[in-house]
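For reference, the structure is listed below as structure tokens.
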Amino acid sequence: MTLAIVYSRAIHGVDAPLVTVETHLSNGLPSLAIVGLPEAAVKESKDRVRSAIINSGFEFPLRRITINLAPADLPKMGGRFDLPIAISILAASGQVPANATHSFEFIGELALTGLLRPVPGALSAALQATHASHGLVLPKENATQAALSSSARIFAATSLLEVTAHLSGQQQLTLFTNSSPEPPAAAHTNNLADVKGQVAAKRALEIAAGGGHNLLLFGPPGTGKSMLASRLPSLLPLLDEPEALEVAAIESLASGAFSIDNWRLPPFRAPHHTASAVALVGGGSQPRPGEISRAHHGVLFLDELPEFERRVLEVLREPLEAGEIVIARANHSTRFPARLQLVAAMNPCPCGYLGDSKRHCRCTSDQVQRYRNRISGPLLDRIDLQVEVLTLSNELFAKQDNSHWQSNRVQSRVRAARGLQHARQGKINAALTPPEIDVHCALEAQDNDLLRSAIDKLGLSARAYHRILKVARTIADFDDSTTILSQHLLEALNYRKLDRPYT
């Protein structure tokens, strides 16, 4: 047989589209041509494949070899096509049974010796291969990650020789099984009860966790803003399996690996304020996810928020609203999911001591306003809770009883609140659309008048109006109330501190 077809998977965002590797042997001067929009690393695979085939004890056909990677308009990148190209050449030359390859997909980079090297995006390939009812043959180093999908049929190999022996029926590769990983018993070492005082900020953190709301903490240095923010992941419920697989697939694509120790834990990303827009959004010639996508189903913490470049902060606006990032290139665009919870911290003024009871602020009103104007109105509009964190008196450290704020107890309350939300509307409150808000966040007439009056007085937008309603709905869920009451609405309004003009 001079024609062979083998299946593989490319990388396109977090997706792994099917690639059909078609190899044809014909008469003519010995040559090897790869077509189908291959980039440099794919074109170079012909040299790796030739050496790997020869060093594995097979004959490299001295004929005109044409390899087509279909579809032709999908960019092919990296060394992941080495293994399927080698298998297709061996199948076309009759050294491997051609019909044995049809129920499998192959990914893996080849060393010159024929050994297999790991490739990024193995979990995405495993998920897509499962949907196609194919088994996936890949390097052994990728097997544990790919087998996180409990329904995937994974065959791990260390060399090209092992793969050909499996296809020829000489020595079968065993189906790789990976017992479903469990989250660590002590998932988080950070406990909210470690934070002394700051009851109002803790309450806001609990509400943010309960409804998936964005949160901004502002106050003088040393009041515990960063400490509070770092405790948020300990309040969030564990991810379900589909969410955990999405997070693992993104991390595999971004870093090439995913630690099993983090299985089902919401991610927590905290980039430095010198990070660029590309670092947050992602990009590159082969687009990789940035910090925003790596916080998918988790928390993105931006400390010292005004110190980020304004153009960097502005890239947050679309993903906070749409829940995804789109990276456009000349011939294609790549989408990355970005359903995250934004938590930020900042000082109230350039010197940091505005409102501090112990130190005097030396900033003028113009300086304070310029400092706060580094955060644009549209971005601030998307932050549901804006909470002031005040300096504590020495007495509070000794008197405060923190048993109510143990992270495991708060997490139980958060799970109960989210359970009500999923039973009522099938999603958390932060994800409600405007039509759904009208249904699930309806107010009594007098409360509606109160909210409209506050909106007019503070000059809030329609977006802020909806976000106040969603926060009030979450507060009502913590009270197990089917309707939003006046006290729930008033508390939600109290969390819009920075909407009030500074004088």
Side-chain angles (χ1 to χ4, degrees), residues 13-14 188 204-217 226 228-240 242-255 258 262 264-273 275-283 287-303 305 308 312-327 334-346 375 378-386 414 418 421 427-433 463 466-467 470-471 474:
V14 292
H188 295 281
L205 207 64
E206 180 179 6
I207 294 169
H213 304 293
N214 301 323
L215 171 66
L216 172 61
L217 302 169
S226 300
L228 283 161
S230 66
R231 267 65 183 168
L232 180 57
S234 70
L235 313 183
L236 298 176
L238 296 175
L239 304 176
D240 58 29
E243 292 173 337
L245 287 173
E246 286 184 9
V247 170
I250 292 171
E251 193 58 31
S252 167
L253 188 59
S255 63
F258 175 78
N262 297 327
R264 294 188 63 194
L265 296 182
F268 181 80
R269 305 296 303 179
H272 193 261
H273 65 259
S276 66
V278 173
L280 263 64
V281 172
R288 296 292 181 92
E291 294 292 335
I292 294 175
S293 293
R294 295 177 75 175
H296 183 55
H297 291 314
V299 178
L300 177 67
F301 175 47
L302 301 183
D303 203 1
L305 187 65
F308 283 82
V312 173
L313 293 179
E314 292 306 292
V315 304
L316 288 165
R317 289 162 54 176
E318 289 82 1
L320 287 179
E321 205 72 25
E324 66 176 7
I325 288 284
V326 180
I327 300 175
T334 304
R335 294 178 181 271
F336 293 111
R339 296 202 173 276
L340 58 95
Q341 191 169 355
L342 174 65
V343 179
M346 61 177 283
I375 306 168
L379 178 59
L380 194 62
D381 222 20
R382 289 166 167 81
I383 300 179
D384 309 82
L385 299 100
Q386 304 154 13
V414 168
R418 289 197 175 198
Q421 295 163 32
K427 60 179 71 172
I428 59 175
N429 289 333
L432 290 174
T433 62
R463 181 187 290 113
H466 284 148
R467 289 181 179 268
K470 289 190 279 189
V471 172
T474 300

Student check: side-chain heavy atoms of Pro267 and Val299 closer than 4.5 Å | no
Supply the atom-to-atom distance Leu316 CG to Leu305 CG, rounded to the nearest 0.5 angstrom.
-> 8.5 Å
Can you tell if the side chain of Leu265 reaches within under 4.5 Å of the side chain of Pro233, non-hydrogen atoms only?
-> no
Side-chain heavy-atom pair Gln386, Leu380 within 4.5 angstrom cut-off = yes
Using the test side-chain hydrogen bond (donor to acceptor under 3.5 Å, both in side chains), find all partners of Ser276 that sit at least two apart in sequence or belong to another chain.
-> none
In this structure, are over 12 heavy atoms from other groups packed under 6.0 Å from Arg288 atom CZ?
-> yes
Partners of Glu251 by side-chain hydrogen bond (donor to acceptor under 3.5 Å, both in side chains), sequence neighbours excluded?
-> Ser255, Arg294
In chain order, what residues pass the side chain to side chain contact (heavy atoms under 4.5 Å, CB included) check against Val326, with sequence neighbours excluded?
-> Glu324, Ser333, Arg335
Side chain proximity check, Leu313 to Leu280, heavy atoms < 4.5 angstrom | no
Shortest non-hydrogen contact from Ala338 toward Ile325 = CB-CG1, 4.1 Å
If you measure from CZ on Phe336 to CD1 on Ile327, what distance do you get to the nearest 0.5 Å?
-> 5.0 Å
Atom OG in Ser234, atom CG in Leu205: separation rounded to 0.5 Å?
-> 8.0 Å
For Glu243, check side chain to side chain contact (heavy atoms under 4.5 Å, CB included) against everything at least two apart and list the hits.
-> Leu239, Asp240, His297
What are the two closest heavy atoms between Ser293 and Pro337, and how far apart are they?
-> OG-O, 3.2 Å
What pairs with Ala208 under side chain to side chain contact (heavy atoms under 4.5 Å, CB included), at least two apart in sequence or on another chain?
-> Leu215, Gln341, Leu385
Could you list the residues that satisfy side-chain hydrogen bond (donor to acceptor under 3.5 Å, both in side chains) with Thr474, not counting sequence neighbours?
-> His213, Asn429
Test side chain to side chain contact (heavy atoms under 4.5 Å, CB included) applied to Lys427 and Leu432, step by step = CA-CA 7 Å; Lys427 60 179 71 172; Leu432 290 174; 4.2 Å; yes
Between Arg418 and Ala209, is there a donor-acceptor pair closer than 3.5 Å when you use the side chain of the first and the backbone of the second?
-> yes
Within-4.5 Å side-chain heavy-atom neighbours: Leu340 and Leu320 | yes
Residues passing the salt bridge (Lys or Arg N to Asp or Glu O under 4.0 Å) test with Glu246, sequence neighbours excluded, are none
Taking all atoms of both residues into account, what is the closest heavy-atom pair of Pro266 and Pro237, and its distance?
-> CG-O, 3.6 Å
Identify, with sequence neighbours excluded, every residue that meets salt bridge (Lys or Arg N to Asp or Glu O under 4.0 Å) alongside Arg467.
-> Glu321, Asp384
With sequence neighbours excluded, tell me which residues meet side-chain hydrogen bond (donor to acceptor under 3.5 Å, both in side chains) with His272.
-> Thr274
Residues in side chain to side chain contact (heavy atoms under 4.5 Å, CB included) contact with Ala345, at least two apart in sequence or another chain | Lys225, Phe301, Asp303
Could you check if a side-chain atom of Val14 sits within less than 4.5 angstrom of a side-chain atom of Pro289, using non-hydrogen atoms only?
-> no
Straight-line distance of Leu342 CG to Leu300 CG, nearest 0.5 Å = 6.0 Å
Smallest separation among heavy atoms of Val315 and Glu318, with atom names = O-OE1, 4.0 Å
Salt bridge (Lys or Arg N to Asp or Glu O under 4.0 Å) against Arg317, all qualifying residues, sequence neighbours excluded | Glu314
Could you tell me whether the side chain of Thr334 and the main chain of Pro287 form a donor-acceptor pair under 3.5 Å?
-> no
Salt bridge (Lys or Arg N to Asp or Glu O under 4.0 Å) with Arg269: which residues, sequence neighbours excluded?
-> Glu291
